[in-house]
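In listed order, ligands and their atoms are each counted from 1. Just so it is clear, the structure is predicted and the values come from calculations on it, not from any experiment.
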Amino acid sequence: MPDLPDVLGPYEGESLVGTSLRTETSRVEFWDAGVIAVEPDQPGNKDVIFSCAVHGDETAPIEIVRDMVRDILAGKLQVQHRTLFLIANPAAIVNGTRFIDVNMNRLFSGAHAKGDTPEHRRAAKLEQYVSRFFKQERRYHYDLHTAIRDSAHEKFAVYPFTHGGPYKREQLTFLAECGVDTILLNQAPTTTFSYYSVREHNADAFTVELGKVRPFGENDMNRFADADTMFRKLISTSELELPQFDSNRHHVYDVSRSIDRTAEDFRLNFADDVANFTEFELGHLLAVDGENEYTVEQSGERIIFPNAKVALGQRALLTVVPMPVENLKLV
Ligand SMILES: O=C(O)CCC(=O)N[C@@H](CCC(=O)O)C(=O)O
Ligand SMILES: [Zn+2]
């Protein structure tokens, strides 16, 4: 792994914290290590957050964010809307691991108050930065990730629980333009970063999975070109022009079950190289959690985010079922 300064540039370094720099059209403020706010002199009406490295080994989103920040500072990307970049867990990046002590993406919406690890403290601060940043009515937060496994749908987004509210055509179209053609509808509150921004700040927020986890230097950045182009357009264009919503562009899955690891002897009944969105036959044994066996209950049920190594009490597997786009309540 390259040294941290090579990865994040000087923007992560303590030296800049509390200072700001000017570009031709905006002020760039360094609120904390990896917390960079861009305040255009004449801001448009959107507040946009891009976060990365909630999981420290998910490197492609870090490179995407780093390059946007570099280009803003070099005057190559002129920002029209207030934008906050969050490099969520710099310590885990340095460590080259998903996290130092605990999975940070289970610590939002106040869950950070139940512990005192570096991740707990950082999640609390990230919430404060988001609260300090969001001011205007139109709020967006794209929390960028890459997944541990291969995936039948390379790019997908988790649409956090809407509590019965409608799903937004504009957001589905924006994501599709980013190459994210698959959406998982979460059906319960979670302690993820994206749900926090939805629930606490009424933002359009998503966990966006852009590909597979790879070490620095091994990402084929061409695979992220559409996402990168759209992210840049979003913050540099006063009103983004999107194509008409087209239901044929989207694959939608409803989260059916969330299976937690509750026992030491938890195992998945499929190989490590089985990809996300793989479908199993009705009755197929998916996981064994101590005395409990989890089998496929619905035809078309597929697995997503399987991880037998999660801490006790955490989600080890989701199952999803396809949902016709026509069944969605859209606005
Ligand atoms: O690839 C995996 O197994 C994990 C990928 C990952 O980190 N996913 C997020 C999803 C968050 C959400 O449900 O919104 C996570 O598990 O934190
Ligand atoms: Zn992740």
Side-chain angles (χ1 to χ4, degrees), residues 49-65 86-89 92-93 96-100 102-109 111-112 119 122-123 126 141-162 171 175 180 182-199 203-215 219 224 253-261 266 268 270-278 286-287 302-311 313-320:
I49 298 181
F50 291 108
S51 53
C52 65
V54 163
H55 297 128
D57 59 349
E58 298 177 5
T59 58
I62 301 167
E63 298 193 47
I64 292 170
V65 164
L86 296 172
I87 298 157
N89 196 346
I93 301 176
T97 53
R98 188 166 169 80
F99 48 79
I100 303 288
V102 287
N103 181 355
M104 186 186 276
N105 216 14
R106 302 294 177 270
L107 296 179
F108 293 93
S109 295
H112 50 73
E119 272 91 10
R122 180 72 169 177
L126 291 172
H141 177 183
Y142 302 96
D143 182 33
L144 309 179
H145 290 247
T146 45
I148 297 167
R149 296 197 177 217
D150 283 322
S151 179
H153 299 288
E154 185 189 44
K155 294 181 173 52
F156 56 97
V158 178
Y159 210 127
F161 186 40
T162 61
Q171 286 302 303
L175 289 165
V180 180
T182 300
I183 304 290
L184 305 191
L185 308 178
N186 216 336
Q187 297 301 355
T190 56
T191 47
T192 62
F193 202 9
S194 58
Y195 177 76
Y196 164 76
S197 286
V198 171
R199 196 63 183 154
D204 290 321
F206 302 87
T207 307
V208 186
E209 300 284 351
L210 290 170
K212 190 175 175 184
V213 172
R214 295 187 201 289
N219 294 308
F224 309 100
Y253 293 88
D254 208 8
V255 173
S256 168
R257 285 184 293 164
S258 179
I259 296 168
D260 292 345
R261 176 184 182 199
F266 182 95
L268 295 165
F270 47 85
D272 285 348
D273 61 357
V274 170
N276 282 324
F277 296 99
T278 298
L286 293 175
R302 294 152 198 238
I303 54 109
I304 184 100
F305 297 148
N307 186 351
K309 296 190 190 120
V310 294
Q314 296 217 341
R315 181 184 85 196
L317 174 67
L318 281 180
T319 69
V320 295

Atoms in ligand 1 flagged as close to [X], the criterion being non-hydrogen separation under 4.0 Å:
X	value
Thr207	10 (C), 11 (C), 12 (C), 14 (O)
Ala147	1 (O)
Thr192	11 (C), 12 (C), 14 (O)
Val158	12 (C), 13 (O), 14 (O)

His145, N/O/S atom nearest the Zn ion (ligand 2):
ND1
Which is the closest N/O/S atom of His55 when seen from the Zn ion (ligand 2)?
ND1
For Asp57 and His55, which I'm curious about, is there any donor-acceptor pair between the side chains at under 3.5 Å?
no
Taking [atom] as the reference point, the nearest protein heavy atom with its distance:
atom	result
atom 2 (C) of ligand 1	Phe305 CD2, 3.4 Å
atom 16 (O) of ligand 1	Arg106 NH2, 2.8 Å
atom 9 (C) of ligand 1	Glu209 OE2, 3.6 Å

Would you say [X] has any N or O atom under 3.5 Å from an N or O of ligand 1, going by distance alone?
X	answer
Asn105	yes
His55	yes
Arg315	yes
Arg149	no

Taking the six-membered ring where the residue is Trp, are the ring centres of His141 and Phe193 under 6.0 Å apart?
yes
How are the rings of Tyr253 and Phe277 set relative to one another: parallel (under 30°), tilted (30 to 60°) or perpendicular (over 60°)?
tilted
Please work out, at 4.0 Å between heavy atoms, whether the side chain, the backbone, both, or neither of Arg98 comes within that distance of ligand 1.
side chain
If we set the cut-off at 4.0 Å for heavy atoms, which region of Ile148 has an atom near ligand 1: side chain, backbone, both, or neither?
both
Minimum heavy-atom separation for Thr191 and Arg106, please, with both atom names.
OG1-O, 3.1 Å
Can you check whether Phe50 reaches Ile64 side chain to side chain, under 4.5 Å on heavy atoms?
no
So, Glu209 and the Zn ion (ligand 2): N/O/S under 2.8 Å, yes or no?
no
With a 4.0 Å cut-off on heavy atoms, does Thr190 reach ligand 1?
no
